[in-house]
Every structure is written in structure tokens, then in C-alpha cells.
2 protein chains.
Amino acid sequence: MDTPGAPRHEQISDWLRARIEQGQYEPNDKLPSENDLCEQFDVSRITVRRALQTLETEGHLYRRQGLGSFVQDARLHQGLAYLTDFVQDMEQRGIAPSCTVVHRAPEPASPDVAAFLGVEPETTVVRIDRVRQANADPVAFDQTWLPPTYAELLADSPLTEQTIFQVLEHAYAIPVVKGECRIGATQADEDVAAHLHLAPGAALLLMERVSFAEDQSCIFYQTRYYRADRMSFNLHLARDAGTPAGGDGALPVREFESVLRGSAE
Amino acid sequence: MDTPGAPRHEQISDWLRARIEQGQYEPNDKLPSENDLCEQFDVSRITVRRALQTLETEGHLYRRQGLGSFVQDARLHQGLAYLTDFVQDMEQRGIAPSCTVVHRAPEPASPDVAAFLGVEPETTVVRIDRVRQANADPVAFDQTWLPPTYAELLADSPLTEQTIFQVLEHAYAIPVVKGECRIGATQADEDVAAHLHLAPGAALLLMERVSFAEDQSCIFYQTRYYRADRMSFNLHLARDAGTPAGGDGALPVREFESVLRGSAE
DNA sequence: GTGCGTTACTTGTTATAACCTGTAGCCCTT
DNA sequence: AAGGGCTACAGGTTATAACAAGTAACGCAC
């Protein structure tokens, strides 16, 4: 975990995080004191504190004045739900995801697409249509519109093995920092039905996504159609100590996961 | 907002947070620079930075090296995502929700329902079918199965004005503490289509819900069908300072909201 | 006019240093 | 033995200072 270019405080927090996540400490174990870490890494206390603060906001540790810093119980720091990517979803449950690019060409932006991407209508954007398969069985079809700048960056990527996110983040160090996502339902038109081996009119789970980079520029607009008989989204809702009661039944989302249903169903 | 005992950095972050929340800045407005704030409050830069970091992790602002600190769009700064109730959703946007009970009678539990409710199959449960309207226009239809114990408690409630959650929580002090929720899509059968004024086969957003009380007993199992042309769910995803990068594009869900689309669409 | 470099201003990182506050253990007094 | 105070050590707050790095705008040279 030594990344020479990274700031010292980041190296320290990475080092500590790795040890905590590998379970080298028990929950509520006392971590080395700030001064110990200062000596160990030969940095000033402000740098160590910066590292500890990162881990504190991440929920990996808690600090008590006069006592020290302690490892947070891992089960407790799941405060946030994550919406994962198709490929991650599949890989996590051991299903081989594959992807077929069925269309990839520039086209003038429609008013809708232009609005999402933040470009002028009729600007040339790149549309990529892909069919997503789980175990070689089509599960989803999506259309992605990219503004010229990002389309350029991705021009050499086949996008069959790596997601757009992965290419941007690993090859260009452009992280995705914000996104909007709308989940709806619709019926399959002839085109989508053919790609997904469905009858026209079949129910589809529709997901529209817009993603943004650090500079608030739009990375892509995407519409994705999931076969409703194969995919659904699960939400786990739970009120815990941190959430006050009396909310008329509104529960915070603790987990968000997409679910692939077996063909047998 | 002057609390003499509090640390200076806290006073500064309180001061700034108040101004941001009161809408004295537009989203993405540039805040005073760190040096400006140093002079204004007569503190060192480290103190100002400590205050800004607090607000950054809270999601009130974002910072860009070389540019400045900017007000984060207010919609994005909620640590947890909540899945709200139909009635709450409507009321929050000033739409009068109404509810018509179209069926309410005991019936023997089917194997599926029995499994969800944790009772023996063929146990007598109560089914309640309701049509949900927004401005007197049907938006959703749901079927709710209640186990005998909870059905008893709700026997005297018409359920047209109050939700099941509200009755249990306010009249009996039984809070809902856990829930599961599946979001999918399906086509309208004749029965549902009639209730929602749709053609059979129309796309519906399907939400199945199971809710649990503190003693882990199941309160109800519900299937709800939303008109896909009127409702969708929005997710706001955002990575902030507390979330390490490199997650292959998996962003935490900051907000979850249901969206009612205007009839004009 | 275009292009490049300089400059001013921004946030990011880090060092040194001082003092405050909270905690626990130790020792001395009662 | 019980009590209180002293002390060492923990994190909390804050000042001063310097340099790095990213951005934008201005101006000069070509």
C-alpha cells in the first residue's frame, strides 16, 4: 500500500485501514497513540491526525479524548447503501458477466440527451448500445451517450471487459463522484425485445443513469433495460441506534442490491 | 449561533452551515476563500480548514484545488437514504393523497404469503386491497396481508387517512424497525388494470414489502403496483470525503425518493 | 491573432510548537 | 483503608510558517 506520489497522511490512513480491515485488531482494540505514529512514520502530529480523521469519518475507528483511538466494530460502519455496477453485481455472486457491443457510432444529440450531457443539441455525441449477459444469457440492454471529450478517452477501449467507470478511473484517474439514477418500468419495444430474447410488450425494469466527474462535468447518460423476469432490486431497511424513532415508518436504506433471479423461476 | 464555550472551528462551521441552509448561497456558488475567512474571524488558516472539512464531510460543500470552496447542491447532502411512505411522498410535494379500500376480508394464507408472514399455510389472515390516488387520480394499487395479531389491532381503523405504520406507531407505540423491499417490473393483469384505469399489459413498477416490529415479528406483506407512467424512484449517488475512491464506480446512495410524474407527461 | 509564460490566487500538504481538556494510576495524606 | 491531589499521557484546539499544486487571467512575444 505504498504509493510514493500520495500524501503522507493518505499513506498512513491506507496502512492503518488495511490492518483494521485484515482484522489485525479486535473491535475496540486500542490503536497506537498519535505520538507513536508520529515516530513510526517520522511525520508531524498534524499529519497523523489528518490520517486518523479520515478513518474516523469512514467509520473505521473512534477517538476518545484522554484515552486513545479505538477500532470501530466492523458491523457498525455500514452507514451507507451502495448502488453497484452490473459487472460488480455479477462477479460478486460468481456469475460470469459478459457484454456485447451491438452499436457504437457518433450521432447528433437529441434535445433530451443534450440536456443530460450539458451540451448543445445536435452536438455530435457517441452512442454505445450493449447487451449484458449473465452466463451468456441476456439480462439487460443499455444505450449510453457520451459527450465528445469522454468518448475520445474511451475510443480505444473495447468496453467488453471493463466498464466505463473502470477505464476512466484506472487509465485516466478520473473518478466518478456523483450520479443520478431513476428506476422505472416500461414495456419492451421490438428493438429491445429482440436483443433480450423477449416478446415485444414484455415488462422491463428501466434504469436511467447520469454520472458526473469531479469537475461536475457529465460523463454519460445511460438508459438500461433489465429483463423484469431476471432482475430486481432489493432494499434492506433498518432503523438503528443512530436513527430517531417517530418517523411515520420511514426507514433508512441500509443496503441496496440488485438481484439476478435464476432461470428456473 | 455564538456558543462561547465551543471551539472556534465549530463556531465557524456553524456560521457557514446556517448561511448555506438558509439559502444565502445558490448551489455551486463560491464561498469566501480560506484566507478571507481567516481575516473575517481572526483565526489561523488551520482553524478555517478544520471548519470547512466538517462541512465537506457533511456534504454541505465541495472544494476544488486552485478554484475554491463551493456550495453543494442541497438535494445531495443527506447521510442516509430513506425510503418513504406513499402518503409522506405525496404530502411532501403538496399533493393530496387519498386512498380507497376496495377489499378487506379474511382469507386463508397462500403458501407464499404464509412464508412471508411467518405463519402456517391456510392460517386465516386479512387481505386489504387499496387504490392510492394523487389528486384523485389512481397512481398505485396494493394488496396487504396481515397476520391475525396485527389485523386485530387495525380492525377499527379505516386506513383511508392513516397508514398502517402510523396507526401502529401512534396508537399502539409499535415502531417498525426493519423491512425488506423488492423493486421490480411487471405487466398489468385485468384486475389491476381496471383499478388503475390502464389497459391490461401496461407496464407497472412492482414493489413488494415486508415489515418487521421490534420483536422480529412480521407486521405485513404487501405487493404494490405503481403506474409506470406516473411513478418512478430516484436515487442520488455521491462520493464524498469520507468515501475512499477506487471502488470501480460504486457510489453510495445519498438519497432515495419516489417521484410522481405530472399527468401531462 | 495565436500561443506561451508569468503571475496572482486558490486549496492541499506538512512541520513545529504551544496550550487545553479528559483519563487513569500512583502516591501521599488523613 | 479511604480520600485527594499529583502526574504522565491521551486526544483536542490553535498559531505560525512554508512550500506544492491546480486554475485563470493577463500580457508579452512571435
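Here is the naming used below: chain letters follow the sequence lines, and residue numbers restart at 1 for every chain.
Judged purely by atom type and a 3.5 angstrom limit, A:Arg63 has no side-chain atom pairing as donor or acceptor with the backbone of A:Leu52. Checking side-chain atoms of A:Gln166 against main-chain N and O of A:Thr163 turns up a donor-acceptor pair under 3.5 Å.
Distance A:Tyr62 OH to D:dG12 C1': 18 Å, rounded to the nearest Å. Atom CD in A:Glu56 sits about 10 Å away from atom C1' in D:dG11, given to the nearest Å. Spacing between atom CG of B:Leu52 and atom C1' of C:dG12 amounts to 12 Å, rounded to whole angstrom units. Following rounding to the nearest Å, B:Gln53 (CD) and D:dG12 (C1') show an atom-to-atom distance of 14 Å. The distance from atom CG of B:Asn35 to atom C1' of C:dA8 is 12 Å, rounded to the nearest whole Å. Per the geometry, CZ belonging to A:Arg50 stands 18 Å off P belonging to D:dG11, to the nearest Å. To the nearest angstrom, P of D:dA8 lies 20 Å from CD of A:Glu34. Atom-to-atom, CZ of A:Arg63 to P of D:dC9 comes out at 21 Å; the value is rounded to the nearest Å.
Across A:Leu61, A:Asn28, A:Leu31, a single residue satisfies side chain to side chain contact (heavy atoms under 4.5 Å, CB included) together with A:Val71, and that is A:Leu31.
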Which pairs, protein N/O on one side and nucleotides 15-18 of chain D N/O on the other, fall under 3.5 Å?
unit_1: D:dA15; atom_1: OP2; unit_2: B:Ser44; atom_2: N; d: 2.6
unit_1: D:dA15; atom_1: OP2; unit_2: B:Ser44; atom_2: OG; d: 2.7
unit_1: D:dA15; atom_1: OP2; unit_2: B:Thr47; atom_2: OG1; d: 2.6

Name the pairs: protein N/O against N/O of nucleotides 22-27 of chain D, kept only if under 3.5 Å.
unit_1: D:dG22; atom_1: N2; unit_2: B:Gly66; atom_2: O; d: 3.1

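Considering only the side chain of B:Ser33, C:dT10 comes nearest among D:dG11, C:dT10, C:dT14. Closest to the side chain of A:Arg49, out of C:dT11, D:dA10, D:dG12, is D:dG12.
For the 3.5 Å distance criterion, the side chains of B:Arg64 and B:Tyr62 fail to qualify, holding no donor opposite an acceptor.
For the residue pair A:Arg182 and B:Ser232, the shortest heavy atom distance occurs at CD-OG, 3.2 Å. Among all heavy-atom pairs drawn from A:Leu146 and A:Ile164, the shortest one is CD2-CD1, 4.4 Å.
Contact of the A:Ile128 side chain with the A:Leu154 side chain is not registered, since no non-hydrogen atoms from C-beta on lie closer than 4.5 Å.
Between A:Tyr226 and A:Phe233, the angle of the ring planes goes over 60°, which puts this pair in the perpendicular group of the 30/60° scheme.
B:Tyr25 meets the ring pair (Phe, Tyr, Trp, His ring centres under 6.0 Å) test with no other residue; sequence neighbours excluded.
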